[in-house]
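Since the structure comes first, as structure tokens, the remarks are kept for the end.
Every heavy atom of this structure was used, including side-chain atoms; hydrogens, water molecules and symmetry mates were not. Note that the coordinates shown come from a computational prediction; the quantities given were computed from them, not determined experimentally.
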Amino acid sequence: MNCATPTDITFSFRGFSQRAGITSDHSDGFGIAFFEDKACRLFVDNQSAVESPIAELVRNYPIKSRNVIAHIRKATQGKITLENSHPFMRELWGRQWIFAHNGDLHDFQPNLSGRFIPIGNTDSELAFCYLLDQLVEKFGYVEPSLEQIFSVLETVSPQIAEYGTFNFCLSNGQALFSYAITKLHWLVREYPFQPAQLIDLDVEVDFSEVTTAEDRVAVITTEPLTHNENWTSFQAGEMILFQAGRPIQRAITCVTRLKREAENPNLKRVTKADQY
């Protein structure tokens with residue numbers, strides 16, 4: 001979630017967390033990060049978001065933030081342990097960075113500089129460390145603009161996607177970068193606000209009663225969370241930068257593997273996937 005004003009995520013998270021064992025089977029751990037400027041509150045658990053007392057806290061405690069990343073895991077690589085629970089966090093340029101990955105990378109063994117080292121043994125955390133390494137290699141230790149960061153991610157992300165499914169959300173507290181190879185959806189809620197009804201729970205909220213004209217919220221998720229809102233699907237290879245609750249930069253990247261699979265559907269690999 002990326003917002004123009006500090007906003008809580010309790011409504012969306014109530015529905016989303018149902019997919020961790022009730023309406024879906026992503027029950028191998030969960031995590032959620034709430035940014036407060038350069039720093040963030042990170043909650044992770046190797047219990048499912050249905051069973052975890054930490055998830056119950058998040059469902060009922062309206063922590064407000066401009067950037068939030070939540071993740072429910074369905075393990076494909078790495079044991080079901082705390083260190084393998086998304087989202088992952090690292091420091092760069094005096095800010096905390098948060099990353100969550102949906103998908104599965106095969107034979108991805110990049111050379112790392114040693115500045116960022118995985119704590120767990122997932123392909124996801126390895127990809128995160130590699131992305132940050134590439135940013136440091138390009139810009140050193142002088143913080144670049146969001147547009148410059150976007151440019152590097154636009155180049156590096158399709159290279160990683162050659163190894164499998166690489167959908168992700170990434171934030172440094174200033175904005176939210178999102179990238180999809182297979183499946184992501186997004187929407188913007190803004191004035192005049194309308195009611196929204198969750199898909200996974202019989203819960204509806206009329207946002208016009210709890211918002212102001214200054215509020216604006218972008219929600220990015222693997223599968224739509226509500227019945228009665230217009231969700232937009234990411235295109236294959238699409239990267240979108242969200243800031244202040246709206247998309248401010250978009251690009252379609254070229255992934256050679258996607259072209260090969262489009263020409264020969266028998267080449268497609270069926271994989272499990274996490275969600276966020």
Side-chain angles (χ1 to χ4, degrees), residues 1-2 12 15-16 18-20 23-31 49 69-78 84-88 98-108 110 122-128 130-131 150 153-171 176-187 199-200 218-226 229-242 247 249-276:
M1 183 177 73
N2 171 264
S12 293
F16 179 67
Q18 297 298 299
R19 300 176 181 181
T23 59
S24 188
D25 57 354
H26 294 71
S27 55
D28 298 330
F30 98 99
I69 295 180
H71 184 275
I72 50 176
R73 185 179 183 221
K74 185 171 183 178
T76 55
Q77 297 185 39
N84 287 334
S85 297
H86 307 221
F88 303 104
I98 294 290
F99 174 87
H101 168 221
N102 158 344
D104 200 7
L105 301 173
H106 298 266
D107 302 318
F108 179 63
T122 65
D123 54 323
S124 306
E125 190 182 17
L126 179 60
F128 180 33
Y130 180 69
L131 281 176
F150 186 95
L153 295 177
E154 182 184 353
T155 299
V156 177
S157 297
Q159 296 172 4
I160 298 175
E162 292 294 335
Y163 293 87
T165 305
F166 192 51
N167 309 314
F168 70 79
C169 283
L170 172 71
S171 180
L176 192 148
F177 302 86
S178 53
Y179 184 66
I181 288 297
T182 54
K183 188 180 293 185
L184 272 185
H185 296 80
W186 66 276
L187 62 74
I199 291 173
D200 299 272
V219 182
I220 302 94
T221 181
T222 303
E223 298 282 2
L225 294 172
T226 55
E229 296 181 289
N230 294 321
W231 293 84
T232 300
S233 299
F234 278 63
Q235 298 181 56
E238 185 171 19
M239 178 168 288
I240 306 179
L241 172 60
F242 293 88
Q249 189 170 355
R250 303 173 70 172
I252 303 295
T253 67
C254 178
V255 181
T256 306
R257 179 178 58 82
L258 293 179
K259 289 186 175 181
R260 291 198 305 266
E261 290 177 352
E263 294 168 356
N264 185 356
N266 293 328
L267 291 177
K268 291 184 178 180
R269 180 187 291 118
V270 177
T271 64
K272 302 175 184 178
D274 302 324
Q275 293 194 21
Y276 47 76

Is the backbone N or O of T222 less than 3.5 Å from a side-chain atom of H185, with the two atoms forming a donor-acceptor pair by type? yes
If you look at every heavy atom in T253 and Y179, which pair is closest and at what distance? OG1-OH, 2.7 Å
Tell me, do V255 and F166 make a side-chain contact under 4.5 Å, heavy atoms counted? no
To the closest 0.5 Å, what do you measure between CD1 (I199) and CD (E229)? 9.5 Å
Does L105 offer a backbone N or O that forms a donor-acceptor pair with the side chain of D123 under 3.5 Å? yes
Should L241 and L153 count as side-chain neighbours, where that means a heavy-atom distance under 4.5 Å? no
So, for P110 and Y130, which heavy atoms are closest and what is the spacing to 0.1 Å? CB-CD1, 3.5 Å
Can you measure from CG (L170) to NE2 (H101) and round to the nearest 0.5 angstrom? 12.5 Å
What's the shortest heavy-atom distance between W231 and L225, and which atoms? CZ2-N, 3.4 Å
Could you measure the distance from the CG atom of N2 to the CD1 atom of I240? Nearest 0.5 Å is fine. 11.5 Å
Would you say F168 and M239 make side-chain contact, with heavy atoms under 4.5 Å? yes
N167 side chain to T182 backbone, donor-acceptor under 3.5 Å: yes
All heavy atoms of S178 vs all of C169, minimum pair found to be CB-SG, 4.2 Å
Closest approach of P87 to I69 (non-hydrogen atoms, all atoms of both residues): CG-O, 3.9 Å
Rounded to the nearest 0.5 Å, what's the gap from CG on L184 to CD on E223? Could you check? 9.5 Å
Is there a donor-acceptor pair closer than 3.5 Å between any side-chain N or O of E238 and the backbone N or O of R250? no
Stepwise, does the side-chain contact (heavy atoms from CB on, under 4.5 Å) test hold for L131 with I160? CA-CA 9 Å; L131 281 176; I160 298 175; 3.8 Å; yes
So how far is it from D104 CG to S124 OG, rounded to the nearest 0.5 Å? 8.0 Å
So H71 and H86, would you call those rings parallel, tilted or perpendicular, with 30° and 60° as cut-offs? parallel
Taking the side chain as everything from C-beta on, heavy atoms only, tell me whether F242 gets closer than 4.5 Å to P247. yes
In Å, rounded to the nearest 0.5 Å, how long is the span from CH2 of W186 to OG of S233? 11.0 Å
R19 and T221: which non-hydrogen atoms are nearest, and at how many Å? NH1-OG1, 4.4 Å
